[in-house]
Amino acid sequence: MPKQYSPTESESRWYEFWETSGFFAASEEPGDTRQTYTLAIPPPNVTGSLHMGHACRTTFEDVLCRHKRMQGYNTLWVPGIDHAGIATQVVVERQLKQEGLTRYDLGREKFIERVWQWKEQSGERILQQLRKMGASCDWPRTKFTMDPDMVRAVREAFVRLYEEGLIYRDTRLVNWDVESQTVLSDLEVEQEENVEGVMFDFAYPLADAGGEVVVSTTRPETMLGDTAVAIHPDDARYRHLHGKYVRHPFVGRLIPVILDAELVDPEFGTGVVKVTPAHDPSDFATGKRHGLEEINIFNLDGTMNENSGSFQGLDRFDARKAVEIELGNLGLARGSNKHMMTLPRSHRSGTIVEPMISTQWFVKMKPLAAPAIQAVEDGTIQILPPEWSKTYFHWLRNIQDWCISRQLWWGHPIPAWYCEDCEHVTVSREDATACGGCGGTSIRQDDDVLDTWFSSGLWPFSTLGWPEKTVALERFYPTQDMETGYDILFFWVARMIMMGLHFMGEVPFTRVLLAGLVTDERGEKMSKVKGNVVDPLDVIYGATNEQLVAKAEKAGAKKSGIKYLKSTYPDGFAAYGADALRMTLLSYSPQSRRIALSIKRIEGYRNFANKLWNASRYALMRLGGSSTKATQQCPQPKALANRWVLSRLYQALDVAATGLDAYRLDEASGALYHFVWDEFCDWYLELSKPALDSGDTALIEETEATLVHVLETVLRALHPMMPHITEEIWQRVPKWDEAPKSIMISRFPTGLVDAKLDRAAERDFEVVQAFVGSVRTIRAEHDVPRSQPMRIHWHTNDEDKHRVLDAERRTIEALGRCELCFEADPAKLDDPNAHFKNAAVFVNPGIRAAVPDVIDTDKERDRLQRNLKKVEKELGVLEKKLANPSFVERAPEAVVDKSRRDSLELREKRERLEAALNSL
RNA sequence: GGGCGGGUAGCUCAGCGGUAGAGCGCUGGCUUUACACGCCGGAUGUCGCAGGUUCGACCCCUGUCCCGCCCA
C-alpha cells in the first residue's frame, strides 16, 4: 500500500465493480419480502452539466440509500433527468443565436429535434457525472420526463383532471415574459425589491368642463390602456368629479371617473388612480368590479400594438419616454420624483414581466391543496427541518390556481384540440382525429406545452409505471424520503404531494428532507458570471488555477470574477476525490440555509481519507504475520485499551445511528470522523504498539482481534459516506469466510452488535489520558528534548486510580514518552523541591506528581501561576454558586453534588499548586 | 406589509438551561519507521444590543439594531 491514498483510479474502479455486479438493483422478485426503501431522485435539468447543488443532493441521497441497503432494506433509488421546458429551450436558443439563427428559422419540428440532440448529450453527461459522485442508483430504471411512458402518465393526469373539472381554460391577467414570449406561473416571477424608479405625475383634462385630475404612475406608457380613473367614494376633495368623465389626450377616448374604495387609498399621492385593467393586477380586479373595457396595448414581444395610437411599434420602454415627452408637449406633465418600487422579473430570462390578458390553462388548486395540508398536519408526511412546515402551510393555504400552459416548443404538448366548425374543445389521452363535439375533422391541437413542473409533479409514481399497475408501483410506492433543496418546496415538493394524494390516494413519500443551497466560500450564490462556480468534477479530479480561469472565462465570467478566482484558488484544486467532497458536504448542518463550500474544508476531509488509509496501512501491516481476521463478532478483550476502544466505538456508532435516522448527517459523519481520528488513530493505534510488541501472547492476540475488528467495523459505518475508500480498504482486510463480495452489501454496524459499552474502561482510561497529557505538557513547556527521559513520581489516595496507574504503567510510559513511573512517598510531594532536584509538578484529579530534572524555574513558575489562575477562576464561580442557598435548595441534587465534588477537587489542586510554587 | 432564517474565536460554522466547541488559520516543538495530506503542545471569545424569566441563560421570553431569504 502506498503512503498516500490517491482516489482517482480507485474510485472509478470500485464504481464499475458495483455497477457491473448489480449491487444497485432493487428487487422485484415475488419472494422478496424485505421491507422496501425508496427514494426518487430530484431529476437534474438537461441544461448542461452537474453542479455543486447536484453533488450535494447526490451525496445526501446516496448516504441514505447505502445506509438502508446495508441495513437490509430492498432499496430503490430511482434515477432520472428532467426536460426542464423553458430552461432547456433557452439554452438551445442561445446556441442557435451563436449560429445566427432563431428557433423560428428552424421551425418547430426541427427545433425540437435539435433540443433532443442536446438532451442526449447533456443528459448522458449528467448521468455519468452522478456516477462519479458514487451514486448507487438503479440505473436501468432511469427515466426522462419526456420518455414515452412519462408522456402517457402526463396525458392521463391532464385528462383526468380535466374530466374532474380541475383543469380549465380561462382568460385572465397573466405574467408575460416578453423575451421568452411565454406566460409564467406566479412562482416563476421574482420580485426585485427596492428598485429606484420614477413616479411620474400627469393630468387628465375633464371632458365636459374645465379642470383636470392629476394621477401618478411609474409606468406612464400604460396610460394608453387606461379605461377609468378612480377616486375614493368618501374623498371630499373630489366630490365634484362623481359621474364625470376625462378625455384621453392621445386616443380621444372618454374615460369615466369611478368610485372605488378598494383600489384607492386617498392618503397616497393625489388620491386619484389611473386604471389600466389589461396590464395591472389590481386594476384588472377593479375593471371586473366596474365592467370596464380591457384594452391590451402590447404586442407579445413587448412593443406597442395598434391600440396605442401614434406610439405603435415602439418598444415598451421607449414608449414610456415618448409618452412622458408628449404629455409634456401637451402641457399635461405635472412633474416627477424618485420612488422606491418592486419590479417583477422572469425567473429565467430576467426580463421585466408584463401583466397581460390572455387565455391559458389552469389547475384548480384549492381542492388539491386541502389533503396536502392535512397530510403534513397529521404527520403522515414529516418535513425536516421542521421549521419548513410553516412555510409549506402558508403557501398552500393561500394558493392560487396554477397556470400550466406555456408558449414554448419544448415540452409536453397540451392534449387539447380545437374544432374549426364548432366551439368544442376535445381533450384526449390519444391524439384526436376528430372533434368530440361535432365529429368534424378540421381540428387543430393546442400550440402550447405544459409547465415543466406538471410532469415533475407525477415523478414519484410515473417513474414506477403509473398509470399501469406495475409490480414496481405496487411494491415501491409510497416512497420514503424526498430529499431536495428548499428552493423547490413549492415548485415541486408541494405539487408532488398534491398529485400523489390525488392520483394514488396515498402520499408520495413520508419524509421531506430539505437542504440548503450551496454557495461559494463567501456565501454568495454561484454563478457563471461571477466566476465563482466550483465544479464538482474539478474538486474530484483536480484542476490548476489556469484551468479554472480558462473555464470561467469561457463561461462568460466578469473580470471581477476572474480576479476572485485567481486570488481565492491560486494553486487550483488537488484531486481531492469524491469521498472527500461527500464528507465535506455532509459536514454542514442541514438546518443551515447556506452551504458555503470551502475548499480548505474539502482538503481537510481529503486529509481524513488519507488518515484512514494510513491507519489501515498500519493495522494491516501489523496483522501481516498473524492469522487474526475480522469476524463481525465483537471481541471480549481484557486489556484496558482494547476495552476502551470498543466502548468508544459503541458511542460513535450510537451517535452515527441517531444522526442517520434523524437526518443529521453532519452529526453522524462527525462522530465517525472524530472517532477515527481523535480516538482510534491518536490513542488506540499508539496504545496498540506497546501491546503488540509486548511478547505477551494473550495480549497480542486480543489486541490484534480488537484492532482488526474496530477497523473493519468503522469501515462499514463509514461506507455510506465514503463508499470508495472504505471499499478499497475493506477488500484488503482479512475477513471471515463467506464475507460478502463488497462492503456495500455487508451489514451496517450497530453499537449493540459490533461494539461493547464499558463505562468502567472509559473512566479508567480518562485517568491515563489526563496523566499522559500532563506529562506531554511538561515536556513541551520545559523544552525537554525527546531524547531525555523523564521520571515521574506520583501519588494518589484513590484506589481505582492507583490500580489504573499501576496497571497501565507501560502504556503511560510509551505514550508520554516518559520513562520510569514511580509511586512516591506523599510527604515528598508536599514539598517537591526539597526532595527532587529541579522538579516540575502537575496535579490531575486525585493524583499529584513531580517530574525531576526538567525545571527551568521561571518557566515553571509561569506555568504554575497560569494553572493556578485558571483553577481560582473556576473555583470562584463554583464557590459563589454553592454559597447561594437557593442554588443548593432548588437546583437538582446531581448538579449540586457535582459542584461540591468539583469544588473539593479544585481546592485540593489549588493547595498543591500553591505548595509547588512556594517550594520553588 | 406578512413570514422565516441568521448575528458565537481572525475565517467558516456547530452547540441551545448547569462555568464555551470543531475545522481552517495563528503559534512553539518534533526527520517519533501508519500518515508532514502527519505528531505533541499553546494562544484566542463581555456568544449583536437592552430588558425580563430562572438558584443559574449563548441557550427560554420581550423589545431593538443589523444581514439574508421567502411570500404579498
Side-chain angles (χ1 to χ4, degrees), chain A residues 1-6 186-187 189-191 193 281 342 385 387-391 393-395 398 400 486-487 489-490 516-517 519 521-525 574 576-577 580 584 587-589 591-622 664 666-667 670 673-674 677-678 681-682 685-686 688-689 772-787 814-817 863 866 870 873-878 880-892 894-896 898-899 902 906:
Chain A
M1 287 172 83
K3 267 175 127 174
Q4 270 189 15
Y5 172 65
S6 52
D186 295 341
L187 280 179
V189 179
E190 287 178 346
Q191 305 294 332
E193 290 182 349
T342 302
E387 306 85 70
W388 285 107
S389 309
K390 265 192 192 173
T391 314
F393 289 136
H394 185 261
W395 187 69
N398 297 288
Q400 302 293 310
Y486 70 78
D487 55 324
L489 177 61
F490 305 146
L517 264 30
T519 68
E521 345 221 338
R522 299 167 297 186
E524 287 183 29
K525 207 170 163 179
Y576 300 117
T584 308
S587 72
Y588 292 91
S589 167
Q591 284 150 193
S592 159
R593 301 203 169 182
R594 246 182 15 184
I595 294 177
L597 188 73
S598 145
I599 296 296
K600 278 286 181 195
R601 198 143 158 175
I602 300 174
E603 201 174 295
Y605 284 103
R606 185 273 314 260
N607 295 352
F608 174 67
N610 194 238
K611 188 76 182 174
L612 183 64
W613 176 254
N614 276 291
S616 309
R617 216 157 63 88
Y618 164 79
L620 297 178
M621 212 171 67
R622 285 291 190 157
R664 286 304 304 259
D666 56 327
E667 289 182 353
Y673 172 97
H674 286 292
W677 201 314
D678 303 346
C681 289
D682 285 351
L685 293 188
E686 293 308 319
S688 75
K689 289 172 188 174
V772 169
S774 297
V775 172
R776 285 170 172 171
T777 304
I778 286 185
R779 185 181 285 280
E781 302 219 324
H782 285 286
D783 299 326
V784 182
R786 288 168 41 76
S787 53
L815 266 61
R817 299 233 166 229
R863 197 181 66 83
R866 241 185 310 136
K870 211 187 276 175
K873 197 178 147 202
E874 285 173 28
L875 196 56
V877 175
L878 271 181
K880 201 173 142 197
K881 228 165 142 179
L882 285 166
N884 181 351
S886 41
F887 170 71
V888 182
E889 280 163 32
R890 307 176 89 146
V895 175
V896 179
K898 184 169 185 316
S899 299
D902 288 353
L906 285 171

What distance, rounded to whole Å, do you find between the two [atom1] atoms, one in [N] and one in [M]?
N: B:G17; M: B:U31; atom1: P; value: 47 Å
N: B:C26; M: B:G63; atom1: C1'; value: 39 Å
N: B:C4; M: B:U64; atom1: P; value: 15 Å
N: B:U44; M: B:G21; atom1: P; value: 13 Å
N: B:A14; M: B:G23; atom1: C1'; value: 10 Å
N: B:G52; M: B:G3; atom1: P; value: 26 Å
N: B:G41; M: B:C24; atom1: P; value: 15 Å

Considering only side-chain heavy atoms of [X], which listed nucleotide, [options], is closest?
X: A:Ser886; options: B:A34, B:C30, B:C55; value: B:C55
X: A:Phe490; options: B:A34, B:C4, B:C70; value: B:C70
X: A:Leu685; options: B:C69, B:A34, B:C55; value: B:A34
X: A:Glu686; options: B:A34, B:G18, B:G23; value: B:A34
X: A:Lys600; options: B:U32, B:A22, B:G25; value: B:G25
X: A:Lys3; options: B:G25, B:C35, B:C55; value: B:C35

Is it true that the NZ or CZ of A:Lys880 lies under 6.0 Å from the centre of A:Phe887's six-membered ring and within 45 degrees of the ring axis?
no
Rounding to a whole Å, what distance do you find between [X]:[atom1] and [N]:[atom2]?
X: A:His782; N: B:C30; atom1: NE2; atom2: P; answer: 17 Å
X: A:Leu620; N: B:C35; atom1: CG; atom2: P; answer: 14 Å
X: A:Glu190; N: B:G68; atom1: CD; atom2: C1'; answer: 15 Å

Check: protein-nucleotides 38-45 of chain B nitrogen or oxygen pairs below 3.5 Å:
unit_1, atom_1, unit_2, atom_2, d
B:G38, OP1, A:Asn607, ND2, 3.1
B:G38, O3', A:Lys611, NZ, 2.9
B:C39, OP1, A:Lys611, NZ, 2.8
B:C39, OP1, A:Trp677, NE1, 2.7
B:C39, OP1, A:Asp682, OD1, 3.4
B:C40, O3', A:Arg776, NH1, 3.4
B:G41, OP1, A:Arg776, NH1, 3.4

Given [N], is OP1 or OP2 found less than 4.0 Å from the side-chain N or O atoms of [X]?
X: A:Lys881; N: B:G56; value: no
X: A:Lys880; N: B:C55; value: no
X: A:Arg617; N: B:A34; value: no

Are A:Ser587 and A:Arg601 close enough that a side-chain donor and a side-chain acceptor fall under 3.5 Å?
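Present: a donor and an acceptor within the cut-off.
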Looking at side-chain heavy atoms only, is the closest gap between A:Asp682 and A:Trp677 below 4.5 Å?
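They are in side-chain contact.
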Touch check for A:Glu387, heavy atoms < 4.0 angstrom, all strands: base, sugar-phosphate only, or nothing?
sugar-phosphate
Under 4.0 Å, heavy atoms only, any strand: does A:Pro892 hit a base, just the sugar-phosphate, or nothing?
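A:Pro892: base contact, heavy atoms under 4.0 Å.
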I'd like to compare against my own output: the B/S/- annotation of nucleotides 7-14 of chain B with a strict under-4.0 Å heavy-atom distance to protein.
-----SSS
Has the side chain of A:Glu521 got a donor or acceptor atom that lies under 3.5 Å from a matching backbone atom of A:Ile599?
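Side chain of A:Glu521 to backbone of A:Ile599: a pair is present.
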Exam field: side chain A:Arg779 to backbone A:Pro785, donor-acceptor pair closer than 3.5 Å
yes
Under a 3.5 Å limit for both distances, which nucleotide forms a Watson-Crick or G-U wobble pair with B:G1, could you say?
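Base-paired to B:C71.
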A:Asn884: what forms a side chain to side chain donor-acceptor pair (under 3.5 Å) with it, not counting sequence neighbours?
A:Ser886
Whether A:Glu781 and A:Arg866 form a salt bridge (side-chain N of Lys/Arg under 4.0 Å from carboxylate O of Asp/Glu) is what I want to check.
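Answer for the salt bridge query: yes.
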Select from A:Arg622 and A:Tyr486 the residue whose nearest nucleotide in RNA chain B is closer to the 5' end of that strand.
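Nearest-nucleotide comparison on RNA chain B picks A:Arg622.
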